[in-house]
Amino acid sequence: MFTDKKAREVENLLSAHIVKIGEVITEAHKMILDYMTADKVFKQESYQVHALEQEADSIRNQIGEQLYDGAFLPVYRMDYFDIVDRLDRIANHAELFSDFIYLTRPMIPSYLVDQMKEMLSLNTQAYQALAAFVESFLGGQEDFLAKKVAVHQFESDIDRVQFRGTRIIFKSDLRKIDKFHLKGVIDKFARISDLMEDAADRILVFAAKLRM
Amino acid sequence: MWRVISGVFMGWSLGANDAANIFGTGVTSRLIRFRTAMGLLSVFVLIGAVTEGSKCMHSLRNLGDLGINQAFICTLSAALAMTILTVLRIPASTSQAIVGAIIGVTLLVSSPNWKQFGTMVACWVMTPIGAAVIGYLLYRLFDAVLYLRVLNTRQVERFLKITMIVAGCYGSYALGANNLANTTGVYVNTGMLSVTQGAVIGALAIGLGAITYSHRVIETVGNRITLIGPQGAVIATLAHSITVHIYTQIGVPVSSSQAIVGAVAGIGFVRGMRAVNRTVLGQIFLGWLMTPVLAGLLACGGIILMQVYPSWVH
């Protein structure tokens with residue numbers, strides 16, 4: 001009655017899912033950096049993003065199977081699956097971003113490279129904060145709320161860079177079509193951190209439910 | 001001795017209906033398995049009946065003196081009233097049924113103790129109110145003391161399972177101690193059974209009802225969980241058990257169903273939601289009125305029948 005083997009298994013899979021999503025994001029970052037430096041390795045990296053995202057999907061499905069098999073109380077299973085689903089959307093969107101670069105080959109001007117690199121750096125930090133938040137939630141750590149705040153902070157920073165980058169794009173002499181193309185790049189990238197914040201919010205809702 | 005069969009019927013009905021008040025939310029939220037829950041319930045009802053079951057029998061005796069045949073008519077009428085009201089989907093209380101039946105019989109054959117009856121009615125009214133207050137206070141206490149710690153899902157689940165078992169066992173004990181009088185109390189009061197015999201027969205009947213027929217009732221009770229969550233369900237069970245046990249110490253058999261409804265309402269009040277709608281409140285009032293009246297009328301009919309055809313109970 002008091003064994004929680006299946007629940008532990010779900011938590012282990014959730015940790016593995018977090019690691020795998022991190023790998024998807026890292027690979028997507030490498031891909032855009034190599035694309036900006038005109039390194040043709042970006043094509044291989046784009047395929048690698050696909051492969052890693054599929055592995056993340058596989059872990060997500062395993063979690064679903066464990067939940068169906070009876071891990072956690074029924075009243076909490078939907079919350080767990082929803083959290084995993086929201087985390088998985090981060091990987092899905094990183095893949096979408098990678099595909100967008102690979103398929104549409106946007107022309108990224110040199111004066112926008114720094115904005116992109118800053119967004120990449122902030123995106124990495126936001127995901128690290130999210131991963132720490134998830135782990136602290138799983139471990140029932142006291143400071144997990146502070147880690148949630150960090151995710152929100154990085155997301156806000158990315159929003160600011162997104163706004164600045166968009167302004168630079170539309171002040172430039174680029175053709176209208178290229179401007180909107182670049183705006184698509186920046187918006188799609190910023191969306192990844194939006195999804196990180198959404199996942200963190202959902203975890204907080206569940207944590208509140210676990211309390212009284 | 002065959003007359004005890006109506007007490008067994010009453011106990012079976014009580015077990016079938018009231019097991020859901022104790023372990024219903026625990027079973028439907030999968031905090032505890034049905035078989036485990038009913039096993040624990042049967043054991044702790046027996047312990048409660050043997051150790052404290054006699055406390056509420058005195059109150060029934062104080063309502064009016066009964067002979068063996070009258071005791072049989074009382075329990076049979078109460079059990080029939082319970083069955084009829086359950087079929088009509090009106091929440092019925094065995095405590096109110098047996099008291100109504102005793103009043104009905106004593107009205108015909110002697111004079112009821114109206115002061116004792118008044119005390120009982122006051123306790124019935126106070127049962128859901130008291131349970132609501134205890135539920136409210138327990139919720140606040142749990143919130144303030146236990147949940148200062150940040151717990152992960154597994155820790156919360158383990159805590160809920162343990163507290164549900166503790167609260168359920170306590171609730172079963174309180175049910176056995178309080179409601180035993182409704183099953184075999186009148187037979188003990190007539191001297192037909194000893195207290196221990198009455199406790200064992202009554203408790204076994206309650207256990208039998210819980211094991212054989214409570215599953216369906218538990219399923220319908222399960223929707224409470226969506227209203228108050230598993231934490232609230234555990235606290236509601238505990239509040240119900242404390243309430244019923246308090247009335248055992250006073251010596252008045254009360255309604256387990258009304259105690260749990262009150263406890264759920266108290267928790268709902270903390271959460272700022274409407275845990276009990278007007279329909280549910282209306283059903284409680286209808287149950288308060290209908291159960292003793294119907295049992296009393298059936299008992300009067302039984303006594304008249306016994307006087308016209310005295311051979312049918314011999």
Side-chain angles (χ1 to χ4, degrees), chain A residues 1-15 17-18 63 66-84 87 131-149 199-200 202-212, chain B residues 23 25-37 39-40 135-166 168 222-236 266-268 270-272:
Chain A
M1 183 182 292
F2 298 114
T3 56
D4 48 12
K5 194 178 161 192
K6 288 174 187 169
R8 278 181 192 278
E9 182 63 24
V10 169
E11 288 182 353
N12 290 339
L13 284 168
L14 186 55
S15 294
H17 194 225
I18 284 287
I63 292 172
Q66 287 287 331
L67 291 170
Y68 182 77
D69 209 28
F72 295 114
L73 291 174
V75 70
Y76 297 145
R77 284 178 204 153
M78 194 178 148
D79 295 282
Y80 247 94
F81 195 80
D82 196 28
I83 286 169
V84 172
L87 289 169
F133 177 59
V134 173
E135 289 300 332
S136 65
F137 165 72
L138 293 177
Q141 293 168 13
E142 296 282 341
D143 64 338
F144 91 112
L145 269 181
K147 286 169 180 160
K148 161 82 175 63
V149 173
R202 185 62 184 85
I203 291 168
L204 188 64
V205 168
F206 183 43
K209 186 177 174 180
L210 286 175
R211 289 165 78 89
M212 294 296 281
Chain B
F23 278 116
T25 48
V27 169
T28 50
S29 62
R30 307 286 189 273
L31 283 168
I32 186 168
R33 288 197 187 101
F34 175 76
R35 282 183 184 181
T36 313
L40 288 171
Y136 178 91
L137 294 175
L138 276 179
Y139 199 97
R140 289 282 184 216
L141 184 75
F142 271 59
D143 195 24
V145 179
L146 291 173
Y147 278 80
L148 286 176
R149 285 187 61 208
V150 176
L151 299 171
N152 70 15
T153 320
R154 277 187 292 109
Q155 289 169 325
V156 169
E157 285 196 3
R158 198 177 300 134
F159 169 75
L160 288 173
K161 283 177 181 175
I162 291 168
T163 47
M164 173 49 83
I165 288 171
V166 171
N223 59 8
R224 274 189 208 136
I225 200 80
T226 57
L227 193 68
I228 56 173
Q231 295 97 325
V234 169
I235 293 168
I267 290 160
V270 185
R271 294 189 160 187

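All chains are named by letter (A, B, ...) in the order of the sequence lines, taking the proteins before the strands, and each is independently numbered beginning at 1. Only heavy atoms go into these numbers, but all of them, side chains included; no hydrogens, no water, no symmetry mates.
Of all heavy-atom pairs between A:Pro74 and B:Ser29, the closest is CD-O, 3.5 Å. Residues B:Gln231 and A:Lys209 share a closest heavy-atom pair of NE2-O, 3.1 Å.
To the nearest 0.5 Å, atoms CZ (B:Arg154) and CG (A:Leu210) are separated by 12.0 Å.
Using a 4.5 Å cut-off between heavy atoms, A:Tyr76 contacts chain B through its side chain alone, with no backbone atom that close.
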* Trace of the side chain to side chain contact (heavy atoms under 4.5 Å, CB included) decision for B:Thr153 with A:Leu73 -> CA-CA 9 Å; B:Thr153 320; A:Leu73 291 174; over 6 Å; no
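Chain B forms the most heavy-atom pairs under 4.5 Å with one residue out of A:Leu145, A:Asp79, A:Leu138, and that residue is A:Leu138.
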